[in-house]
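Shown next, in structure tokens, is the structure this report addresses.
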Number of protein chains: 2
Amino acid sequence: MTTIKDIAAKTNLSISTVSIVLNNRASRIPKSTRDIVINAAKELNYRPNQLAVGLVTKRTKTLGLIVPDIRNNFFSSLAKGIEDEARNNGWTVLLCNSNDSHKRDLEYIKMLEGKGVDGILYSMSSDSNLKNFKEKYSLIKNFDIKFLMIDRYLDFPATFPKINVVSLDHFKGGYLAAKHLIDLGHKKIACVTGPQYLSESNDRLRGYKQALDDGSIEYDEELIVEGNYHIESGVSAVNKLIEKDFTAIFAFNDMMAYGVLKGLKTYNLSIPHDISVIGYDDIYLSEILEVPLTTIHQPIEVMGRGAAKHFINIIDSKEEFLDNLPLYSPELIVRKSTSKPNKRLLNKRTQVI
Amino acid sequence: MTTIKDIAAKTNLSISTVSIVLNNRASRIPKSTRDIVINAAKELNYRPNQLAVGLVTKRTKTLGLIVPDIRNNFFSSLAKGIEDEARNNGWTVLLCNSNDSHKRDLEYIKMLEGKGVDGILYSMSSDSNLKNFKEKYSLIKNFDIKFLMIDRYLDFPATFPKINVVSLDHFKGGYLAAKHLIDLGHKKIACVTGPQYLSESNDRLRGYKQALDDGSIEYDEELIVEGNYHIESGVSAVNKLIEKDFTAIFAFNDMMAYGVLKGLKTYNLSIPHDISVIGYDDIYLSEILEVPLTTIHQPIEVMGRGAAKHFINIIDSKEEFLDNLPLYSPELIVRKSTSKPNKRLLNKRTQVI
DNA sequence: TTGAAAGCGATACCAC
DNA sequence: GTGGTATCGCTTTCAA
């Protein structure tokens with residue numbers, strides 16, 4: 001490995017001069033010596049040792065990314081966007097899978113601090129609540145590491161310190177989904193929500209309620225089932241709902257919608273003829289399902305890019321917060337899993353079961 | 001941030017002593033002082049600065065992971081396994097997406113070297129060939145970074161230096177898939193392969209040929225179409241094959257199998273009645289498709305774990321190679337997309353089109 | 001059993 | 001304009 005020292009030796013200049021040139025603080029250095037240094041660096045194939053740089057500058061151009069599970073397409077798309085943008089700016093990303101565990105979040109935060117990351121991008125583990133979130137938060141503040149939450153966060157009380165959050169407009173997403181079903185004529189719309197303390201889930205639910213309200217439909221708590229964003233909870237939601245009176249299901253993510261599809265199948269219900277199903281996320285697989293899933297598309301990768309960009313700006317600016325925090329808009333994608341309600345069949349079903 | 005110096009100050013011991021204790025080279029240090037140090041460390045919430053450690057030890061306990069695209073479920077499962085195992089051993093993973101570009105592979109390798117990673121886990125970008133692979137390889141060797149390839153690699157000529165490769169037994173996978181179809185009675189089995197220079201694809205093809213051979217079926221090159229592992233190439237493969245005489249299609253990954261399904265649909269062919277389809281990968285979605293896909297399951301995450309484990313062992317041992325290089329066995333998962341061939345319909349189809 | 005000092009590879013301040 | 005030197009936080013001889 002060639003070091004700055006080697007260049008100094010080769011060029012008969014001091015390491016200070018070499019360092020200055022290589023970092024472009026070379027205003028006062030004449031072009032002639034500059035060229036000498038640069039050529040020598042090129043010739044010796046010099047690449048700075050980032051450990052050494054980080055040690056003295058306290059900056060590593062490294063981001064820690066904590067997501068619940070990278071196998072989830074949502075997070076892998078997010079990670080892709082983040083990593084792409086980071087790389088374009090010469091930054092690097094450490095991948096962490098929390099497995100939705102608060103305890104592991106904590107471990108990762110400590111580990112990332114040890115590695116000297118400049119910032120942590122955090123997507124909340126689903127067993128987070130306000131209490132244990134405070135624990136993480138104070139740890140991070142303690143470390144003086146910049147912090148940005150992506151999409152999954154809590155409904156923070158008004159007293160809570162300001163936090164950087166880059167997110168999708170889930171209220172709008174929830175509204176769009178419910179509105180679509182209502183426009184088709186549905187009045188009994190079941191929901192499979194996310195974990196109740198996640199703000200995104202609550203936002204979607206608020207959007208759903210707003211749409212009901214706008215359509216003069218009464219909100220029926222009986223039709224709301226809490227899920228956990230995994231496919232199985234879509235299946236079990238169907239089992240819980242099956243005896244209730246409904247013509248459509250709004251699953252708060254596509255994975256659960258797949259589960260709903262699967263569950264409905266076990267009752268010999270066909271989609272959308274018997275039941276309309278709408279998802280949320282627009283995972284790329286949703287398009288190629290048997291019944292292509294109507295869903296809410298989210299510009300996940302774009303958001304990842306935007307979040308990384310914004311975060312890097314924050315870190316570079318040394319501010320705690322920057323204006324223009326991006327908020328990304330979801331979009332309704334109508335495919336084949338939703339249609340007008342079928343009243344007759346609904347009655348038949350409720351009688352039969 | 002508390003440093004080793006703070007501990008030294010607090011305990012009235014020297015930095016050296018503190019360092020020795022904290023690194024468990026403490027044989028000669030009496031338990032009494034040891035406890036003092038350890039308690040002080042705990043009290044001050046000490047965590048070593050890994051940049052400093054790395055700078056002197058030349059070891060960072062950091063792995064670089066280069067995959068084509070983390071959004072691909074195969075790679076996200078792989079990454080999950082690797083990261084899990086790494087973390088369990090106190091290691092950390094830098095995520096890199098090559099976008100299947102050799103040029104980016106090169107950039108990443110340089111960047112990772114700068115970051116001081118101890119090893120690079122590499123899954124080949126699909127525009128790799130022997131020539132440009134050599135370029136990467138010599139770069140890495142130059143850097144004296146340990147190197148392990150996962151699953152995607154080339155058919156190296158015998159003269160090529162030995163390389164660490166952790167992989168699935170794709171020959172077996174190809175064999176299992178073809179054998180299954182042959183056992184059902186198929187004799188005209190089309191293939192949609194992966195890129196031809198990837199050894200995994202060739203291995204599957206060899207397995208397929210072996211199965212044909214064992215079943216005394218002649219190999220027909222006309223039935224082999226090269227794909228690129230993306231869904232669209234499954235669709236276009238169908239278009240290329242449609243006038244040929246075949247009763248089954250073996251797609252070399254599930255994504256292409258989805259494409260095949262989609263393509264077959266456009267010809268009004270039903271699965272498995274008209275054509276049997278078998279995939280490869282067993283993506284979680286394959287189970288919940290309209291026609292659940294018969295496929296070859298691969299223990300991807302397990303392989304990721306095993307690869308990380310093996311690699312860490314190599315790095316720790318300071319050997320170039322270790323025995324017991326793992327080879328993981330794929331497994332046939334029979335679902336609904338394969339059945340006995342339907343001769344009559346086949347004839348009808350070839351006449352009609 | 002403990003401590004002093006050198007050194008890892010870079011930056012940055014302050015002289016010259 | 002250029003160079004000397006302290007420093008970042010830690011490990012590692014080598015003395016004491």
Side-chain angles (χ1 to χ4, degrees), chain A residues 1-38 40-41 44-62 90 110-111 113-118 143-144, chain B residues 1-38 40-41 44-62 90 110-111 113-118 143-144:
Chain A
M1 226 195 81
T2 122
T3 74
I4 206 174
K5 233 185 218 165
D6 301 327
I7 300 180
K10 185 178 167 114
T11 58
N12 279 322
L13 288 163
S14 73
I15 53 171
S16 328
T17 308
V18 174
S19 173
I20 289 171
V21 171
L22 259 23
N23 286 291
N24 261 328
R25 307 205 200 307
S27 45
R28 56 267 187 85
I29 309 275
K31 186 159 187 330
S32 54
T33 53
R34 232 154 74 199
D35 286 346
I36 294 175
V37 171
I38 289 169
L44 295 176
N45 218 338
Y46 171 74
R47 220 159 306 107
N49 179 326
Q50 300 298 344
L51 296 174
V53 174
L55 186 56
V56 21
T57 60
K58 308 286 175 214
R59 298 275 264 84
T60 53
K61 288 193 143 203
T62 301
K110 290 175 189 164
M111 187 208 77
E113 191 253 352
K115 296 278 176 182
V117 299
D118 295 329
F143 289 157
D144 192 36
Chain B
M1 224 194 82
T2 122
T3 74
I4 207 174
K5 232 186 219 163
D6 300 328
I7 300 180
K10 184 176 168 115
T11 57
N12 278 322
L13 289 164
S14 76
I15 305 187
S16 333
T17 308
V18 173
S19 172
I20 289 171
V21 171
L22 260 22
N23 286 293
N24 261 329
R25 308 205 197 309
S27 46
R28 58 266 188 87
I29 308 277
K31 184 156 187 336
S32 54
T33 51
R34 232 154 77 199
D35 286 347
I36 294 174
V37 171
I38 289 170
L44 295 176
N45 217 338
Y46 172 73
R47 220 159 308 104
N49 179 328
Q50 300 298 343
L51 296 173
V53 174
L55 186 56
V56 21
T57 61
K58 307 287 176 216
R59 298 275 263 86
T60 53
K61 289 192 142 204
T62 301
K110 289 176 189 165
M111 187 207 77
E113 191 253 352
K115 296 278 175 181
V117 300
D118 296 329
F143 289 157
D144 192 36

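Chain letters run A, B, ... following the sequence lines, proteins first and then strands; every chain starts at 1.
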Exercise. Hey, is the main chain of A/Ile15 close enough, under 3.5 Å, to the side chain of A/Ser19 for a donor-acceptor pair?
Worked result: no
For this session: Output yes when a side-chain donor or acceptor of B/Lys10 lies under 3.5 Å from a complementary backbone atom of B/Ala41, and no otherwise.
Result: no
Exercise. Quick one: which of A/Ile38, A/Leu22, A/Leu13 gives a side-chain contact (heavy atoms from CB on, under 4.5 Å) with A/Ile7?
Worked result: A/Leu22
For this session: Please give the angle, rounded to 10 degrees, between the axes at the start and the end of the helix from C/dT1-D/dA16 to C/dC16-D/dG1, where five pairs define each axis.
Result: 50°
For this session: Rounded to the nearest angstrom, tell me the gap between atom CD in B/Glu113 and atom C1' in C/dG9.
Result: 13 Å
Problem set entry | Whole-Å gap separating C1' (D/dG1) and CD1 (A/Ile36) | 13 Å
For this session: At under 4.0 Å between heavy atoms, which parts of nucleotides 2-11 of chain D does protein reach? Answer with one letter per nucleotide, 5' to 3': B base, S sugar-phosphate only, - none.
Result: BBBB--BBBB
Shortest non-hydrogen contact from [X] to [Y]?
| X | Y | answer |
| --- | --- | --- |
| A/Arg47 | B/Phe143 | NH1-CZ, 3.0 Å |
| A/Met1 | A/Asp6 | O-OD2, 3.8 Å |
| B/Arg59 | B/Asp118 | NH1-OD2, 3.2 Å |

Problem set entry | Under the salt bridge (Lys or Arg N to Asp or Glu O under 4.0 Å) test, residues paired with B/Asp35 that sit two or more places apart | B/Lys31
For this session: Flag the pair B/Thr33 / B/Val21 as yes when at least one side-chain heavy-atom distance between them is below 4.5 Å, and no otherwise.
Result: no
